[in-house]
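Here the structure comes first, spelled out in structure tokens, and everything after it is commentary.
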2 protein chains.
Amino acid sequence: MLDGKPVFMVKLIVMSSAASNQSSNNASGAGSGVAITASPTFSPLYQQIKALITQSLQSGEWKPGELIPSEVELASRFKVSQGTVRKAIDELSAENLVVRRQGKGTFVATHHEERAHYRFLRLMPDEGEAKQPDNRVVEVKRMRAPAEVARLLDMKSGDSVIFIRRVQSFDGVPTILDELWLPGALFRGLTVERLVEYKGPMYGLFETEFGTRMIRATERVRAVLAEPQVGELLDVQPGTPLLSVERVSFTYGDKPVEVRRGLYRTDTHHYHNELS
Amino acid sequence: MLDGKPVFMVKLIVMSSAASNQSSNNASGAGSGVAITASPTFSPLYQQIKALITQSLQSGEWKPGELIPSEVELASRFKVSQGTVRKAIDELSAENLVVRRQGKGTFVATHHEERAHYRFLRLMPDEGEAKQPDNRVVEVKRMRAPAEVARLLDMKSGDSVIFIRRVQSFDGVPTILDELWLPGALFRGLTVERLVEYKGPMYGLFETEFGTRMIRATERVRAVLAEPQVGELLDVQPGTPLLSVERVSFTYGDKPVEVRRGLYRTDTHHYHNELS
DNA sequence: TAGTGGTCTAGACCACGCT
DNA sequence: GCGTGGTCTAGACCACTAG
């Protein structure tokens, strides 16, 4: 593997009589292969394989929804055992980067699936099943990044961002007011028309049309009072208590690519969370 | 394993020439051992091992903080390979029921550790490191379960519950007002004195003094306005927006054992969440 | 030095989905 | 029937901890 280009550790394809094996103090727990480290930071083989697979995901070699090579093929490609590849994919699967389907193969995760639609939407109805909201895009414009947004997006203040404001309704009741800031360079060509035309989750649009896949996010939730302008959009009195949800979303390499501020009505819905 | 007492599947210790192996249509993927099922519900061996270990945790055979038998010993006890035990413990570890420590062994998880203290407290300061709050117990009393509480605790309405009200402060600022309802039968003898005396997290007290370990919880978060009585306890004006966090905590076997309603000030703190 | 969990391998069979 | 992921085993060596 690695064609002799060490990252942290070089795995030598030596099956026996390892002459240069100076019983390293920092080796992997390999069985048949022998491994030594080039630096004090130890990294198991399966983590290196995981990193290599992640690179292929990030580079677009395997696109969302597509089938990736089977475990046996990856094992032979990387010159490791299937078990090692398996452990790497286990972690990728746990991180929702990849989805395994018994009998079919392993697929790159995509936001175009039922199961993904509610992964980032924690607002649930108090009674009954979760439903897909209706979207109404209020505004899309290009602007200069406010200082706070620029800081969160790891950009310079004043850099170009795309700003979106939209309202989501459940059963005709406006419930979520979202404001989004996206790096202008990544989302060039995003217009109100394309947003409105597109059916399905917005992250699906970002993934398919702009090649940016949201992987994880952090949220900060607060209680606030509805301002008059907000009250109009959400059809509530000014002073109504609302949840303020500040989200920062990340793509591969922990790169922030979205700042979102949502205001949620919680009279018939609640923000659901599992602690474990 | 199981001494011939089948749960879902019987693992026969037959190493070769399995005469009675009628090529079952629903067997485990065993290598050397042969396995057949007694019912149509298939359960992998490691899941059965996991269930057995969980039983020992639940029964108190191994108490919180204690070392459990090593993987090799469990493997020999259950007559399976170490790899199978390992996979079972992997899952228990992922569920925070157990903590692995390389070179030392596997320990029963406990709320008496640094790492556990913040597992169920999602309120974080906007700036700086998380700190342990100061507790002030306002009230402890025995009462009859309100209908809603009884429903959530899987009890009959009117059954005895213990009610606790307390205020938690950060840097002297009252920030959290908690109201708790606990099943009276499980927490008999819980008094305001014992709560006040006890240093450390409340779940640690529950675990040590009452033998009930909280494993997971669900929360429903809403935005509400401070009532006058609440405003006094949290030192805010009536009408101040607060987070309302309704928690139901579960112990082994998904049994609900706590209903908690927290009101959080979010002027200098926020409810933190990771989406992945 | 002994014992524990952590990594890695090789090989076997099973459940599943498709052709 | 074949290929995929899922389970299980046996054995090896490594990293870490403690006596």
Side-chain angles (χ1 to χ4, degrees), chain A residues 1 9 11 13 15-16 18 21 23-37 40 42-50 67-76 78-93 98-107, chain B residues 1 9 11-13 15-16 18 21 23-37 40-50 67-76 78-93 98-107:
Chain A
M1 63 164 290
M9 178 171 73
K11 187 193 174 208
I13 321 277
M15 301 311 286
S16 62
N21 179 14
S23 74
S24 59
N25 59 357
N26 210 350
S28 88
S32 60
V34 175
I36 61 170
T37 56
F42 166 73
S43 172
L45 236 197
Y46 75 87
Q47 289 286 0
Q48 299 179 48
I49 303 299
K50 181 184 171 190
L67 184 66
I68 76 172
S70 73
E71 294 178 356
V72 270
E73 184 180 336
L74 289 173
S76 102
F78 296 135
K79 297 278 187 295
V80 299
S81 78
Q82 183 184 356
T84 300
V85 171
R86 166 161 280 272
K87 185 148 187 181
I89 295 182
D90 275 347
E91 291 203 352
L92 293 171
S93 174
V98 117
V99 177
R100 320 179 86 127
R101 298 197 194 288
Q102 184 173 110
K104 296 167 83 172
T106 302
F107 297 80
Chain B
M1 63 167 286
M9 179 173 71
K11 188 195 172 206
L12 303 174
I13 320 279
M15 301 311 287
S16 61
N21 179 15
S23 74
S24 59
N25 59 358
N26 209 349
S28 87
S32 59
V34 175
I36 61 171
T37 56
T41 48
F42 166 73
S43 172
L45 235 196
Y46 76 87
Q47 289 287 1
Q48 300 179 47
I49 303 299
K50 181 184 171 189
L67 183 66
I68 76 171
S70 73
E71 293 178 356
V72 271
E73 184 180 336
L74 289 173
S76 101
F78 295 135
K79 297 280 189 294
V80 298
S81 78
Q82 183 184 355
T84 300
V85 171
R86 166 162 279 273
K87 184 149 186 181
I89 294 181
D90 276 347
E91 291 203 352
L92 293 172
S93 174
V98 117
V99 177
R100 296 171 171 289
R101 298 197 194 288
Q102 184 173 120
K104 297 167 84 171
T106 302
F107 298 80

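Just so we're on the same page: letters track the sequence lines, and every chain starts at 1.
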Legend entry - Given D/dT9, C/dC8, D/dG5, the nucleotide with the shortest approach to the side chain of A/T84: C/dC8

Inset, instruction - Considering just the side-chain nitrogens and oxygens of A/K104, establish if one lies under 4.0 Å of OP1 or OP2 belonging to C/dC18. - result: yes

Inset, instruction - Please check the phosphate of C/dG5 (OP1 and OP2 only) for any side-chain N or O of B/T106 closer than 4.0 Å. - result: yes

Legend entry - Side-chain N,O (B/R101) to OP1/OP2 (C/dT4) below 4.0 Å: no

Legend entry - D/dG6 OP1/OP2 closer than 4.0 Å to side-chain N/O of A/R100: yes

Inset, instruction - For D/dT4, take OP1 and OP2 only and decide whether either is under 4.0 Å from a side-chain N or O of A/S70. - result: yes

Legend entry - B/L45 side chain, from C-beta outward: closest of C/dC8, D/dT4, D/dC8: D/dC8

Legend entry - Pair assignment for DNA chain D - dot-bracket with | for other-strand partners, Watson-Crick or G-U under 3.5 Å: ||||||||||||||||||.

Inset, instruction - Check whether any side-chain N or O of A/K87 sits under 4.0 Å from OP1 or OP2 of C/dC8, and answer yes or no. - result: no

Legend entry - Atom-to-atom span, CZ of A/R86 to P of D/dC8 - whole angstrom: 12 Å

Inset, instruction - Ignoring the backbone of A/S81, work out which of D/dA18, D/dC8, C/dC8 is nearest its side chain. - result: C/dC8

Inset, instruction - Between A/E71 and B/Q47, name the one whose nearest nucleotide on DNA chain D is closer to the 5' end. - result: A/E71

Inset, instruction - Tell me what B/Q102 touches on the nucleic acid: a base, only sugar-phosphate, or nothing, going by heavy atoms under 4.0 Å. - result: base

Inset, instruction - Would you indicate whether the side-chain heavy atoms of A/I89 and A/L74 approach each other to under 4.5 Å? - result: yes

Inset, instruction - Please list, chain by chain and in numerical order, all residues satisfying side chain to side chain contact (heavy atoms under 4.5 Å, CB included) with A/K87, sequence neighbours excluded. - result: A/Y46

